[in-house]
Amino acid sequence: MSNASAKKKRKLEETVDTPPTRVDDKTLVLISDSKKPKSDRVTKLKSKFGLLKKKPSDFDPEKVSCWEKRERVPFMFLSLAFDLIAAESGRIVITHILCNMLRTVIATTPDDLLPTVYLAANEIAPAHEGIKLGMGKGSYIIKAISEAFGRTESHVEQQYTQLGDLGLVANGSRSSQTMIFMPKPLTVVKVADTLRLIAKESGKGSKDKKKDLMKALLVATTDCEPLYLTRLLQDNLRLGFSRQTVLAALGQAAVYNEEHSKPPPNIKNPLDEAATIVKEVFSMLPVYDIIVGALLTSGVWNLPKTCNLTLGVPVRPMLAKATTRVDLILEKFKDTVFTAEYKYDGERAQIYYMEDGTVEIFSRHAERNTGKYPDVALVLSRLKKPTVKSFILDCEVVTFNREKEKILPLQKLHDSFEEDLGYFQFATALTSNDIGELQEFLKASIDIGCEGLMIKSLYSNATYEPAKY
DNA sequence: CTTGTCTGCCCC
DNA sequence: ATTCTGC
DNA sequence: GCAGAATGGGCAGACAAG
């Protein structure tokens, strides 16, 4: 063997996780994945991960982890937690498992909490950053799977139609595949980082690069990892939980890991309370990076202080509820003063005006639409009164024929903005509880091209709250 | 370049 | 967006 | 009754293929 190849060989063995069979210089032993002995690590993990299902009060993170403190969390750990959740349907148990899983990460490798949360929520970046995988659920993932596991595309496709779950196809292809080496174990950070790399790839040749990155992850998977990696790539974990459950679990996990402050004495159920806090904070500032960071450094009870509405980061817009008849409104609001506003048929827009004059416009789903409405961005600084330095507007952008309609002002906001017909107007509103008047108003709104009415409480304790989703 | 295929925290 | 489901 | 998950059609934009 030449010097160069000997060196290569050594390098290779270093990265191999406990070769299941001795591999000498002359023979390559082919080992079927289903027959080979599992590495100690995996065996150990598998024998213990059932503990995650224990009630959080009886759970000890030290007993389940079998990696060193500050060592990167294995992707296998997350996959096994997912596997445990797959057998459950109740959200309470699922939350317990997620909570225990996150606690284990906090107790061993807090640096990995953020990527773990991202993967558990099946997200890759804050919504407003607009970073998406950009390869759908079909062809390119199929291509990656077939290349990674040595199948023809048509074979994978056929299995897909048969099983209805590409993850299961990946699992099956992997377990029957003959492997030469055990791959180096995947870590949670590695997967999270690679998902970002895949998302960032764009332009000519990007699809192939995305596919190759997926392939590189797939070939490193073992056991149940192909299933969950594939589903992560498809943006569909199919485990019966999503972001809200992860946020709740994160809050609960933080309670158990509380080093920074004790729960305020008046709180009856700290676990529920912490879950609510994390969910609410996320509605105000939907950025895991900031929330997880604040959680680790100053604790869950300080979260409302450390994470606030931030200029430039879109909140979850408050959502309306649909109703079909005007009399149902009166029923619902019978003890309340309310107003009805035209529900303009346009696009929801959340406009941020920063102190330096910068404008950002986001859609209902936090898509960055700033470039889409250059005229809106321009007109804002003109209409804003000089005393106003920064603001957030939640509004509806519509196309408008300036030669026609005229519009009535809503008083409250009038102090801060000048209206300009056809450029910036307040919603036409009626404050009344007369059914005939409301009926008439509804009709009028439809006549000028609106979709109906929005009903809002006018009580002083009524608030604008971000949607809890 | 033109044409075709595939995508989307889509839902305009 | 609408429809379905489990709590 | 509610929140959360699952599902579907349509259209504009991105990228690949020729």
Side-chain angles (χ1 to χ4, degrees), chain A residues 85-86 88-95 98 117-144 153 157 164-165 195-196 198-211 214 231-249 272 275-276 279-280 282-283 286-288 313-324 328 331-332 343-350 361-369 371-373 376 395-400 449-452 465-469:
Chain A
I85 290 169
E88 303 293 335
S89 66
R91 204 166 310 140
I92 294 169
V93 183
I94 292 177
T95 311
L98 287 171
V117 166
Y118 264 114
L119 290 191
N122 205 353
E123 293 173 52
I124 47 178
H128 68 282
E129 288 181 15
I131 297 173
K132 320 180 190 169
L133 285 177
M135 53 187 191
K137 317 192 187 303
S139 53
Y140 277 86
I141 303 184
I142 291 176
K143 211 172 264 180
E153 269 181 63
E157 274 162 11
D165 183 341
L195 290 183
R196 274 191 188 228
I198 291 171
K200 274 193 200 140
E201 211 62 69
S202 72
K204 195 168 158 58
S206 60
K207 299 278 191 200
D208 266 339
K209 286 185 194 154
K210 284 174 194 276
K211 182 207 68 191
M214 285 193 277
R231 289 185 182 175
L232 282 171
L233 291 166
Q234 287 183 297
D235 196 13
N236 190 6
L237 230 28
R238 311 176 104 189
L239 289 173
F241 74 91
S242 77
R243 178 193 293 148
Q244 288 300 90
T245 314
V246 176
L247 292 172
D272 287 352
T276 306
K279 285 195 261 186
E280 282 180 358
F282 188 86
S283 314
V287 182
Y288 295 115
V313 180
V315 295
R316 312 254 130 202
M318 191 177 195
L319 300 178
K321 267 209 175 341
T323 193
T324 43
L328 293 175
E331 200 175 301
K332 183 139 193 154
K343 182 182 184 297
Y344 297 94
D345 186 8
E347 263 184 67
R348 190 125 178 204
Q350 211 174 102
I361 303 173
F362 297 99
S363 76
R364 182 191 128 126
H365 287 293
E367 293 281 307
R368 196 166 165 277
N369 281 164
K372 194 170 164 184
Y373 309 114
V376 173
C395 37
E396 193 78 8
V397 174
V398 295
T399 49
F400 190 74
C450 287
E451 294 180 303
E465 290 169 38
K468 310 274 192 287
Y469 70 98

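Only a predicted model underlies this, so the values are computations on that prediction, with no experimental measurement involved. Order of the sequence lines sets the chain letters (A, B, ...), proteins ahead of strands, with each chain counted from 1. Values below: all heavy atoms of this structure, side chains included; hydrogens, waters and symmetry mates excluded.
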**Asked** Is there a residue in residues 122-130 of chain A whose heavy atoms reach under 4.0 Å of DNA chain B, and which residues are they?
**Response** A:Glu123, A:Ala127
**Prompt:** When you compare B:dG8 with D:dG10, how far apart are their C1' atoms, in angstrom units rounded to a whole number?
**Reply:** 12 Å
Identify all pairs in which a protein N or O lies below 3.5 Å from an N or O of nucleotides 1-7 of chain C, and state each distance.
none

**Request:** Quick one: list whatever passes side chain to side chain donor-acceptor pair (under 3.5 Å) with A:Arg196, sequence neighbours left out.
**Result:** none
Sort me out a list of protein N/O and nucleotides 1-5 of chain B N/O pairs below 3.5 Å, or just none if empty.
none

**Complete:** Those residues at least two apart in sequence (or on a different chain) that pass salt bridge (Lys or Arg N to Asp or Glu O under 4.0 Å) with A:Lys209 are A:Glu201
Could I get a table of every N or O pair under 3.5 Å where one atom is in the protein and the other is in nucleotides 6-14 of chain D?
none

**Message:** My understanding is that only residues two or more places apart in sequence, or in another chain, count here; which of them pass salt bridge (Lys or Arg N to Asp or Glu O under 4.0 Å) with A:Glu157?
**Reply:** none
**Item:** Under the side chain to side chain donor-acceptor pair (under 3.5 Å) test, residues paired with A:Tyr118 that sit two or more places apart
**Value:** A:Asp289
**Complete:** The side chain to side chain donor-acceptor pair (under 3.5 Å) partners of A:Glu367 (sequence neighbours excluded) come to A:Lys132
**Message:** Going by the rule side chain to side chain donor-acceptor pair (under 3.5 Å), which residues pair with A:Asp165 if we only count those two or more places apart in sequence or in a different chain?
**Reply:** A:Arg231, A:Arg238
**Pairing annotation in dot-bracket form, given for DNA chain B with Watson-Crick or G-U pairs under 3.5 Å and | for cross-strand partners** = ||||||||.||.
**Partner residues of A:Ala144 under the side-chain contact (heavy atoms from CB on, under 4.5 Å) criterion, sequence neighbours left out** = A:Lys211, A:Met214, A:Leu218
